[in-house]
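Worksheet: the structure to be examined is printed underneath.
Residue numbers begin at 1 in each chain, while the letters A, B, ... track the order of the sequences. If you're wondering where the values come from, they're calculated on a predicted model, not measured in any experiment. Just so it is clear, the values below take in all heavy atoms, side chains as well, and ignore hydrogens, waters and symmetry mates.
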Protein chains: 2
Amino acid sequence: MTVVQQEISHPTRDELELSAVLHALSDPVRLKIVAALASEAEQPCASFDVPVTKSTCTHHFKVLREAGVIRQRQEGTSRLNTLRRDDLEARFPGLLDSVLHSA
Amino acid sequence: MTVVQQEISHPTRDELELSAVLHALSDPVRLKIVAALASEAEQPCASFDVPVTKSTCTHHFKVLREAGVIRQRQEGTSRLNTLRRDDLEARFPGLLDSVLHSA
DNA sequence: GACGTTGTACGATGATTGCCGTACCTTATC
DNA sequence: GATAAGGTACGGCAATCATCGTACAACGTC
């Protein structure tokens, strides 16, 4: 049976909301994920060293994605994550850098 | 009857936590309060135009104060609020400015 | 002293959050 | 086809959150 690839929805650049981004970044686990993404380009979910289970990880990635902090794309069985640096910089100049620098 | 002035506790500069600050800033009401504080120096709680009741306001000021974003001092019956610009800048350089600029 | 102003304290409530386990889907490999 | 790996979906749970109303405390002013 053929199944249509499930779409992964992301907010567009102009849909990004400051409070949602700040909220996404305010969790220590998510902050660690973002910091890891900042230093290494594209990584699957499993490559992050965080003290939570798989399902909790899925939850955190969803929060980050829906806030527009990261972008996810499917590749085989794994979901590759990237930081949306450009979009964040365009909407909230300097924010990501200051957070990463302080993390 | 003499009553001792209740102390208002604030975290010291080196006790500030990034996730607590980000969380404090991630609420629209609190963000509005912070933005207003950024443009006018010292203001009593009642001077903010936010769509919540007094008791909710007290709650938000407490969150901001305990995260170290603002400092409160008593003056008569009113509580005067100031932004802890210097402390925030020292611990999280550029963060406050980028948030305020995007708000 | 009575009253008005400013703000806190103390519940209460409904929504959201962070976390988990289990079940399942998809893809790749044997 | 069976198995393993990477993730998601769903449901549940305990904790936190944002909000409110009511009561009250501190200070000024009449």
Checking dG6(D), dT19(D), dG7(C) against the side chain of T56(B) (C-beta onward), the nearest is dT19(D)
Just how far, in rounded Å, is C1' of dT16(D) from CG of D27(B)? 14 Å
Ignoring the backbone of H60(B), work out which of dC20(C), dA18(D), dT8(C) is nearest its side chain. dA18(D)
Considering only dT17(C), dG21(D), dT8(D), which nucleotide approaches the side chain of K54(A) most closely? dT8(D)
Need one value for S55(B): base, sugar-phosphate or nothing, where a base atom within 4.0 Å counts as base even if backbone is also close, heavy atoms only. base
Judged by each residue's nearest nucleotide on DNA chain C, which is more toward the 5′ side, G76(A) or S26(A)? S26(A)
Distance check needed: dC27(D) P versus E75(B) CD, whole Å only. 12 Å
Tell me the interatomic distance from I70(A), atom CD1, to dG7(D), atom C1', rounded to whole angstroms. 13 Å
For the pair T58(A) and S55(A), evaluate side chain to side chain donor-acceptor pair (under 3.5 Å) and give the outcome as yes or no after the intermediate values. CA-CA 5 Å; T58(A) 296; S55(A) 48; over 6 Å; no
Is the shortest distance from a Lys or Arg side-chain nitrogen in E89(B) or R84(B) to a carboxylate oxygen in the other one below 4.0 Å? no
Does dC20(C) have OP1 or OP2 under 4.0 Å away from a side-chain N or O of T53(A)? yes
note: I8(B), atom CD1; dA26(D), atom C1'; distance rounded to Å ~ 13 Å
In this structure, how many angstroms lie between the P atom of dT27(C) and the CD atom of Q74(A), rounded? 8 Å
Checking contacts here: which listed nucleotide (dC20(C), dG7(C), dG7(D)) is nearest the side-chain heavy atoms of C45(A)? dG7(D)
Looking at every non-hydrogen atom in both residues, tell me the closest pair between L88(B) and G68(B) and how far apart they are. CD2-O, 4.1 Å
Would you mind reading off the distance between K62(A) atom NZ and dG6(D) atom P, rounded to a whole angstrom? 23 Å
Using a cut-off of strictly less than 4.0 Å, decide whether T58(A) has a side-chain nitrogen or oxygen near OP1 or OP2 of dT8(D). yes
From dA18(D), dT19(D), dC20(C), nucleotide with atom closest to R30(B) side chain: dA18(D)
Just so I know, are the side chains of R13(B) and R91(B) near enough to count as touching, which here means a heavy-atom distance under 4.5 Å? yes
Report yes if at least one side-chain N or O of R79(A) is closer than 4.0 Å to OP1 or OP2 of dG6(D); otherwise report no. no
Between NE2 of H59(B) and C1' of dG7(C) the distance, given in whole Å, is 16 Å
Note: S98(A) and L95(B) closest approach over all heavy atoms is OG-CA, 3.4 Å
In whole Å, what is the span from the CG atom of L25(B) to the P atom of dC17(D)? 15 Å
